[in-house]
Amino acid sequence: MFIRLTFNHSVLYVSSKHIQAIKPFMDHTQIRLSDGEIIKVNESGDKILKLIEAVHGHGNQAYIANDL
């Protein structure tokens with residue numbers, strides 16, 4: 001189950017199962033994945049949590065931040 005996130009003008013599809021931590025900063029949010037990789041995204045921590053909740057409630061679909 002993937003969520004669609006962005007950073008600058010790039011699109012990232014992230015498996016919600018692999019997100020271990022979300023850390024907000026002033027101008028971006030950092031996400032730590034299960035493999036130890038840290039990625040930066042434009043979406044807020046609250047928006048990411050809403051996307052995760054939406055994808056787990058609706059089966060194997062990707063959700064776009066602007067949809068919520």
Side-chain angles (χ1 to χ4, degrees):
M1 294 181 240
F2 290 87
I3 57 174
R4 182 184 183 269
L5 302 170
T6 59
F7 187 66
N8 292 334
H9 298 289
S10 298
V11 174
L12 308 163
Y13 292 93
V14 178
S15 174
S16 60
K17 295 186 298 185
H18 294 287
I19 296 174
Q20 289 192 329
I22 299 169
K23 186 175 183 179
F25 286 89
M26 290 294 258
D27 60 343
H28 69 279
T29 302
Q30 284 186 348
I31 298 175
R32 183 169 39 104
L33 302 175
S34 59
D35 65 358
E37 183 179 3
I38 295 175
I39 59 173
K40 294 179 182 180
V41 299
N42 294 329
E43 290 74 23
S44 70
D46 288 337
K47 178 63 80 174
I48 295 167
L49 291 175
K50 287 180 183 179
L51 290 168
I52 292 169
E53 289 174 9
V55 75
H56 285 282
H58 293 92
N60 192 17
Q61 299 178 21
Y63 279 83
I64 301 170
N66 295 335
D67 288 348
L68 297 177

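Because the structure is predicted, anything quoted here is derived from the model rather than measured.
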- Specify the closest pair of heavy atoms between S16 and I52, including all atoms of both residues, with the distance to one decimal.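 In terms of heavy atoms, the two residues are closest at CB-CG1, 4.2 Å.
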Subject >> Atom of V11, atom of R4 and distance for their closest heavy-atom approach >> reply: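 Here V11 and R4 meet closest at CG2-NH2, 3.2 Å.
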Spacing of [X] atom [atom1] and [Y] atom [atom2] [to the nearest 0.5 Å]:
{"X": "R32", "Y": "I22", "atom1": "CZ", "atom2": "CD1", "answer": "11.0 Å"}
{"X": "T29", "Y": "I31", "atom1": "OG1", "atom2": "CD1", "answer": "7.0 Å"}
{"X": "K40", "Y": "S10", "atom1": "NZ", "atom2": "OG", "answer": "13.0 Å"}
{"X": "H28", "Y": "Q30", "atom1": "NE2", "atom2": "CD", "answer": "4.5 Å"}
{"X": "L5", "Y": "I48", "atom1": "CG", "atom2": "CD1", "answer": "5.5 Å"}

Residues in side-chain contact (heavy atoms from CB on, under 4.5 Å) contact with [X], at least two apart in sequence or another chain:
{"X": "S34", "answer": "H18, Q20"}
{"X": "D35", "answer": "L33, E37"}
{"X": "N42", "answer": "T6, F7"}

- Message: Any non-hydrogen side-chain atom of K23 less than 4.5 Å from a side-chain atom of F25?
- Response: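 The answer is yes; the side chains approach within 4.5 Å.
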